Amino acid sequence: MLAVHRLAEPTALPVVAVLAVALGWTGCAQPPPAPPLLLGTSAGETSAGESSSGADDTDEAPRTHAVDVLFVIDNGHAMGGPQARLAAAGAPLLAGLDQLGLHWRIGFTTTDNGNPTCGSTSPEAGRLQLSSCRAHTGDFVFNGSPPTDATASACTDLCPLDELVVQPTTTAQDDVPSQRLWLEPGNLPTGVTAAQAFACAAPQGIAGCGFGSPLESGHKALLRAALDDEAQHGFVRDDALLVVVYVTDGVDCSYVNDFQSIFLEEGAVAFWSDPAASAPTAAVCWNAGVGCSGGPGSYDECHAENRDQDGNFGVSDERAVLHPVARYRDRLADLELEKQGIDPAARVLVAVIGGLPPGYDHGTPLVYNDASDSTVQLELGIGPGCVQPDASPVAPPVRLRELAESFAPHGASRNLWSVCDPSYDDAIAGILAMIEAHVAPKDGP
């Protein structure tokens, strides 16, 4: 299907209004001061590898030597394997960034944005997380059915650090050295390599909400980075390439707070696989935000779709129970446009490691079928896009795929990979190719 094009102009809503609505500050008598969408250059920061200005896909050559990478990592119960593969992929990623001569920043958040069915989880809601996984091993145990313990496979087998305490650094907005919530060359603990820090910081655990909201969580991470009273303020630099990487085995479930009843037994059950059940399955997320043509059984294509609380298709954005994909596309497009106001060559890129066929080739048409196993159909609402090495079925990432296609990179072949691949080396090589196409060549040997 056709990719959605970037906005030609920034949206008219004041930034402060967007931030207030997204982060739940609409009840304040006086809204916080309006911050810029972008956060200032890296000039004067006490981190290694000072950068210049943004990258581009215009006729101008890329000039930036800096990249900010935000990983939005699913922390649902079947994510032990993918988190282990991501942690192992940190070494080649960082080696590649260093080979390109880049000053990099890497931040991590989860897909847990809260849900009425997940009262026992602690939603990060886009807050950056930076600690050794060994410091929160309880998050790697899932006590549901079946119980799962990924402590060794996703954390202790890969992470050598009992704690991860970064060195204080400054930012363009804060000249007082402080411990930041991200990794960068200038803040690594003494004697700790970047690969070790990544392997300990990337795994987020498997005790998060099963109704993950990767799009909303990534959105809020960037909003928080723009506010001076947030701990992650200054993570995004206006003179750096921004890359957002989603790693998930689920369907995006970024729901509108006013419609949380779609998950509750006493509320609307238009999207439940079994309306007579006592609780919804992940299929509610597929049914609430995806429409397909053709079928039943085998579908011609599937796409993001606005549906209202009664299950009607094609409703306005204001009536949609899930936030429209345009919400996230527009936010990133606005960021890109502001970067381009400073440097016409600036870019924002998106990558997805999700429920695509193993070894997925961007030119291969995706196939959408109902599941042959009725249990899988009840759980996902669709047949799996892939099956993990541990036999866990993964639904296709339609909403995430559409966002990624809207920000397809130039000079690189693809930005979509399978979360079911036994290794993420190909994904990391592809992400590095995306980055290399939009940064300045390394100076000197």
Side-chain angles (χ1 to χ4, degrees), residues 71-89 108-113 115 117-118 121 124 139-142 144-150 153-155 202-218 244-254 280-287 289-290 302 350-360 366 368 371 373 375-401 403-404 415-424 426-428:
F71 281 94
V72 184
I73 301 170
D74 195 327
N75 58 342
H77 74 276
M79 281 294 294
Q83 289 183 26
R85 295 193 285 277
L86 179 64
F108 307 93
T109 192
T110 77
T111 60
D112 192 342
N113 190 54
N115 187 280
T117 67
C118 298
T121 67
E124 286 68 40
D139 290 337
F140 292 82
V141 178
F142 173 68
S145 179
T148 305
D149 188 338
S153 61
C155 178
Q204 296 297 306
I206 61 171
C209 183
F211 297 98
S213 301
L215 288 175
E216 186 68 10
S217 295
V244 184
V245 183
Y246 299 91
V247 185
T248 178
D249 72 340
V251 175
D252 177 66
C253 212
S254 298
T281 65
V284 70
C285 306
W286 175 270
N287 294 331
V290 176
C302 293
V350 173
V352 172
I353 303 176
L356 297 149
Y360 172 69
L366 290 169
Y368 298 95
D373 185 325
T375 301
V376 173
Q377 185 70 22
L378 283 171
E379 177 63 31
L380 302 182
I382 190 69
C386 68
V387 177
Q388 289 204 53
D390 67 358
S392 300
V394 180
V398 171
R399 286 163 53 86
L400 283 162
R401 189 208 73 223
L403 182 69
N415 59 344
L416 298 162
W417 293 273
S418 176
V419 74
C420 300
D421 283 338
S423 164
Y424 292 164
D426 284 348
I428 294 303

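Keep in mind that this is a model prediction, so the values were computed, not measured. In what follows, every heavy atom counts, from backbone to side chain, and hydrogens, waters and symmetry copies are set aside.
- The shortest heavy-atom contact between Leu378 and Thr281 is O-OG1, 2.6 Å.
- Considering every non-hydrogen atom in both Cys386 and Gly355, the closest pair reads SG-CA, 3.8 Å.
- The shortest side-chain heavy-atom distance between Tyr360 and Asp421 does not fall under the 4.5 Å cut-off.
- At a threshold of 4.5 Å between non-hydrogen side-chain atoms, the residues Phe140 and Ser153 do not count as touching.
- For the atom pair His77 NE2 and Ser392 OG, the distance stands at 6.5 Å (nearest 0.5 Å).
- Within the 4.5 Å cutoff, the side chain of Pro357 has heavy atoms near those of the Leu366 side chain.
- Side-chain atoms of Arg401 never come within 3.5 Å of backbone atoms of Val352 as a donor-acceptor pair (strictly under, hydrogens ignored).
- For the 3.5 Å distance criterion, the side chains of Glu124 and Thr110 qualify, holding a donor opposite an acceptor.
- With Asn113 contributing its side chain and Pro214 its backbone, the two residues share no donor-acceptor pair below 3.5 Å.
- A donor-acceptor distance shorter than 3.5 angstrom exists from the side chain of Ser213 to the backbone of Cys253, with no hydrogens or angles considered.
- With hydrogens and angles ignored, the 3.5 Å screen pairs a side-chain donor or acceptor of Gln83 with a backbone N or O of Asp74.
- Contact between Asn115 and Cys209 at its shortest, heavy atoms only, is CB-SG, 3.5 Å.
- Note that CG of Asp249 is 12.5 Å distant from CD1 of Ile353, once rounded to the nearest 0.5 Å.
- Gln204 places a side-chain N or O within 3.5 Å of a backbone atom of Ala202 that can act as its donor or acceptor partner.
- Listed for the Tyr424 side chain is no donor-acceptor partner under 3.5 Å among the backbone atoms of Ala84.
- Atom CG of Asp149 sits about 10.5 Å away from atom SG of Cys155, to the nearest 0.5 Å.
- With contacts defined as side-chain heavy-atom distances shorter than 4.5 Å, the pair Asp112/Cys118 does not qualify.
- Taking every heavy atom of both residues into account, Leu380 and Ala395 meet most closely at CD1-N, 3.9 Å.
- At a threshold of 4.5 Å between non-hydrogen side-chain atoms, the residues Asp139 and Asn75 do not count as touching.
- Tyr246 is not listed as a side-chain neighbour of Pro397, based on a closest heavy-atom distance of 4.5 Å or more.
- Checking Pro384, Cys420, Pro82, Ser418 one by one against Val394, the side-chain contact (heavy atoms from CB on, under 4.5 Å) holds for a single residue, Cys420.
- Closest approach of Asn415 to Ala404, counting heavy atoms only: ND2-O, 2.9 Å.
- Considering all non-hydrogen atoms of both residues, Cys302 and Val398 come closest at O-CG1, 3.9 Å.
- The structure places CD1 of Ile382 at 4.5 Å from CH2 of Trp286, a figure rounded to the nearest 0.5 Å.
- Every residue meeting the salt bridge (charged side-chain N to carboxylate O under 4.0 Å, His left out) condition with Arg399, not counting sequence neighbours, appears here in chain and number order: Asp252.
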